[in-house]
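Hydrogens, waters and symmetry mates play no part in the numbers below; they use all other heavy atoms, side chains included.
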Amino acid sequence: MRLLQSPQSAILCTLITLVLILSCNGADASDKVALQLAWKHQFQFAGYYAALHQGYYRRVGLDVSIVEGGVGKFAKEEVLGGRAQYGVAGAELLLHRKQGDPFVILAPIFQHSPSILLVRKDSGISNIQGLIDKKVMLLPGYKDADILVAFLNEGISSDQYLRLDQSYNIEDLIKQRTDAVSAYVTNEPWQMLQKGVAPLVISPMAYGVDFYSDCLFTSENEIKHHPERVQKFLHASLDGWEYAMDHPQEIIDLLSRQYKVSKTKAHLEYEAREIRKIMMPDLIEIGHMNPGRWQHIKQTYEKLGLIDADFSLDGFLYHPQQKLDYQPLKQIFFGAIGFIALFAVGSGILFLFNRKLAAEVKERKQAQKEIATQKQRAEQYLQVATVMFVSLDVDGKVNMVNEKACAILQCSKEDIIGQNWFDMFVTKSAQHDAKNAFKNMITGHTSGPEYYENKIIISNGEIKYIAWQTTPVRDAHGKLVGVLCCGDDLSEKRKLQEQLIQSQKMESIGSLAGGIAHEFNNILTIILGNNEMNMRELSESSPARRRARRIEDAGIRGRDVVKQLLTFSRQDSPALQRTDIKSTVQGAMKLIQSSAPANILIKQNISENIFPVFGNGTQINQVIINLCGNAIDAMSEKGGVLTVTLRNEIVEDRFAGPHPSLSPGKYAKLIVEDNGIGMDEKTRERVFEPYYTTKPLGKGTGIGLAVVHGIIKRHKGFIDVHSQLNRGTTFTLFFPAYNAIRPEQKFVINRV
């Protein structure tokens, strides 16, 4: 037997030995399994195609069939029936587990759900409350669980909208056969845009529902009987997803070429971009699963009565077994290496060592380059994100913000970086809870993402309501180094809710006031009528006649109060007609100037060519007198400036959107502004309530601003109030411009 005398001979022997050892495993190559997709072939399942065609499944001894889904073919039924060993589905798997289906979650691929409600932008529906009494097309059962939860979170029960079965045809929405349809943000909005119809997305995330989605799952039976196969399939699939996210164009070409996907290349590129946003692969490890987040999802279902409080997640989340025992194989391998080493010369060992060292250096440089690229890519995605991102260190100081956060906070990055977040931006009322939540996360008492809402205060002093998703950040050694906070601005949603509650409150009070006014009017009619007959029988010099005259005066004042109540409740509706609001305002201001105290300066900024309005001059005059009277009262002690402005205004969609009672169009805009004592937040919220007043007893009835509100509503206009203590109050009113289509009785110029 000849001794091996070269490094090349040693390497050759090593390779032959490895081939002989690894060939013993060849029997596993025919281990066949099926993966059932949630829908038809598209980029939504890119990682599994990558794992198959890059050979990741084959390398671990798996022969995988990827089965297309579609109408009537869902992963749940296929895995439950044993026709597939693995499937892709949403967070509703938790409900199926509760019903007894033995499903186990292996990994959530999408960190945020792509599930949305889609409406036509021109439908006038801008939020989920707008779907009350509307037709909504949903998937069967609880397959659209996050959307159903969003409805219930807003207090909208299933009998408040008409639920239609999903037709899987976006034409039903485009042709307005339904008002809304459940869809994926990665798909249907693109289809609508290609049809020339602007979509509007209603996301469950805006209503406190943020579920995992596109979860890879299997059955308890598969884990029990094939534990090694489960681990191999999971790891190969996640490797496939990493490859797909790094090579999206390659997967798009594969889908078009081999899977005959009907989508265009541009459509698939759009889908890929949207999927990256909800996967966040540059920030979160693909397939990362936090048990705390599943507990939050379970608690959401629990509050809504869809799951029992004592239901346990035990067995639902996959916990991999210990790594496979390759010790015997290692012993054979190292024995072979030792045997070969006896016959190898020192030069061969040195050759191998040098090659390995060179490879490690090259690999390290490549890794550093890849890290820099990934960091740059992550920063780019953060800057274009539609939600705000704020990163805090362990002391609560800001070390990173994106452009959206700067826009919401109305600050530059230089003004924010290095500042203590809680001291600078969190309101005092919310600081205690916010700091406690932060402390729990930094100290490790909270292990995963947490959802909560609080108030923040931006640079101009305005209060914003933010829904936060916070995640602890660790360094390479696992040490907690800070918290990443993802925030969604709910301010407009809260404002809409408050406007709806105020409108309902005013409607109820108005109905009550109208009923009382009618009854009181009947009583006054009897009093004034009988008093008038008594006065006819009394002489002018009679003391009884003087008392009767006082009764008459009091009755007339009572009748005026009744008239105000009827106007407020809209049960006494004077005719509306084309009215010159400029003349009305000028006439009212003459009256105000003649009666104003000497320490009040009155300024008028009235533009030329003001739009005529469709209204009632007498009631508009009453609005001006009531608002100016209140302004003068607010400045009576120290004096001040009352400014009345009248100008034209054209309201666009972007301004009308947050104000349901204000439609786009032409308006005459009236602004009444003072620099008096102002109002606090509590008073400002109740300012239009009847009989609510801060004036001393006998100084005010509390009905004036309620009447103003009723008149503006009667004119289909809009009123808004801004006030700060010791800085003054501003009322802004919009009167719709006259539209020639409306019936016109005659042209009226009101002069007071």
Working to the nearest 0.5 Å, report the span between [atom1] of [X] and [atom2] of [Y].
X: Ile128; Y: Ile202; atom1: CD1; atom2: CD1; result: 6.5 Å
X: Tyr270; Y: Thr264; atom1: OH; atom2: OG1; result: 12.0 Å
X: Asn630; Y: Thr729; atom1: CG; atom2: OG1; result: 9.5 Å
X: Asn290; Y: Thr471; atom1: CG; atom2: OG1; result: 8.0 Å
X: Leu705; Y: Asn626; atom1: CG; atom2: CG; result: 7.0 Å
X: Ser115; Y: Asp214; atom1: OG; atom2: CG; result: 10.5 Å

Backbone of [Y] reached by a side-chain donor or acceptor of [X] within 3.5 Å:
X: Ser123; Y: Ile125; value: yes
X: Asn402; Y: Phe389; value: yes
X: Lys298; Y: Phe311; value: yes
X: Thr579; Y: Gly615; value: yes
X: Arg163; Y: Leu138; value: no
X: Thr186; Y: Ile275; value: no

Phe614 vs Lys716, side chain to side chain contact (heavy atoms under 4.5 Å, CB included): CA-CA, chis, key distance, verdict: CA-CA 9 Å; Phe614 189 69; Lys716 299 188 182 305; over 6 Å; no
Flag for Asn169-Ser167: side-chain donor and acceptor within less than 3.5 Å: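 No - no donor-acceptor pair under 3.5 Å links their side chains.
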On a heavy-atom basis, which atom in [X] and which in [Y] lie closest, and how many Å separate them?
X: Gln160; Y: Gly155; value: OE1-O, 3.4 Å
X: Pro204; Y: Asp146; value: CB-O, 3.9 Å
X: Val401; Y: Cys406; value: CG2-SG, 3.8 Å
X: Ile307; Y: Lys98; value: CG1-CG, 3.7 Å
X: Thr470; Y: Cys485; value: CG2-SG, 3.8 Å
X: Val613; Y: Ala668; value: CG1-CB, 3.7 Å

Do [X] and [Y] come close enough that some side-chain heavy atom pair is under 4.5 Å?
X: Leu173; Y: Met192; answer: yes
X: Leu200; Y: Leu118; answer: no
X: His267; Y: Gln191; answer: yes
X: Cys411; Y: Phe425; answer: yes

Salt bridge (Lys or Arg N to Asp or Glu O under 4.0 Å) assessment of Asp680 paired with Lys682: CA-CA 6 Å; Asp680 58 20; Lys682 180 179 178 182; over 6 Å; no
Test side-chain hydrogen bond (donor to acceptor under 3.5 Å, both in side chains) applied to Asp308 and Tyr301, step by step: CA-CA 9 Å; Asp308 299 330; Tyr301 284 133; over 6 Å; no
Working for side chain to side chain contact (heavy atoms under 4.5 Å, CB included), residues His715 and Ile620: CA-CA 9 Å; His715 282 69; Ile620 295 174; 4.0 Å; yes
Distance flag, aromatic centroids of Tyr168 and Trp39, threshold under 6.0 Å: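 Yes, close enough.
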Aromatic centroids of Tyr161 and Phe151 separated by under 6.0 Å: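 They qualify: ring centres under 6.0 Å apart.
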Lys263, Gln44, Glu274, Glu271 screened by side chain to side chain donor-acceptor pair (under 3.5 Å) with Asn187, the one that passes: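 One option only clears the test, and that one is Lys263.
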Derivation and outcome, side chain to side chain contact (heavy atoms under 4.5 Å, CB included), residues Thr732 and Glu673: CA-CA 9 Å; Thr732 304; Glu673 183 179 9; over 6 Å; no
Parallel, tilted or perpendicular, as decided by the 30° and 60° cut-offs, for the rings of Trp421 and Trp468: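 Perpendicular, since the angle between the ring planes exceeds 60°.
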Residue pair Val721, Phe688: steps toward the side chain to side chain contact (heavy atoms under 4.5 Å, CB included) verdict: CA-CA 10 Å; Val721 56; Phe688 294 118; 4.3 Å; yes
Lys/Arg cation over aromatic Tyr212: Arg293, 6.0 Å, 45° cone: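 So Arg293 does make the cation-pi contact.
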Could you list the donor-acceptor pairs under 3.5 angstrom formed by side chains in residues 176-183, with sequence neighbours left out?
unit_1	atom_1	unit_2	atom_2	d
Arg177	NE	Asp172	OD1	2.7
Arg177	NH2	Asp172	OD1	3.0
Thr178	OG1	Lys135	O	3.2
Thr178	OG1	Ala180	O	3.0
Asp179	OD2	Lys135	N	2.8
Ser182	OG	Asp144	OD2	2.8
Ser182	OG	Gln166	NE2	3.0

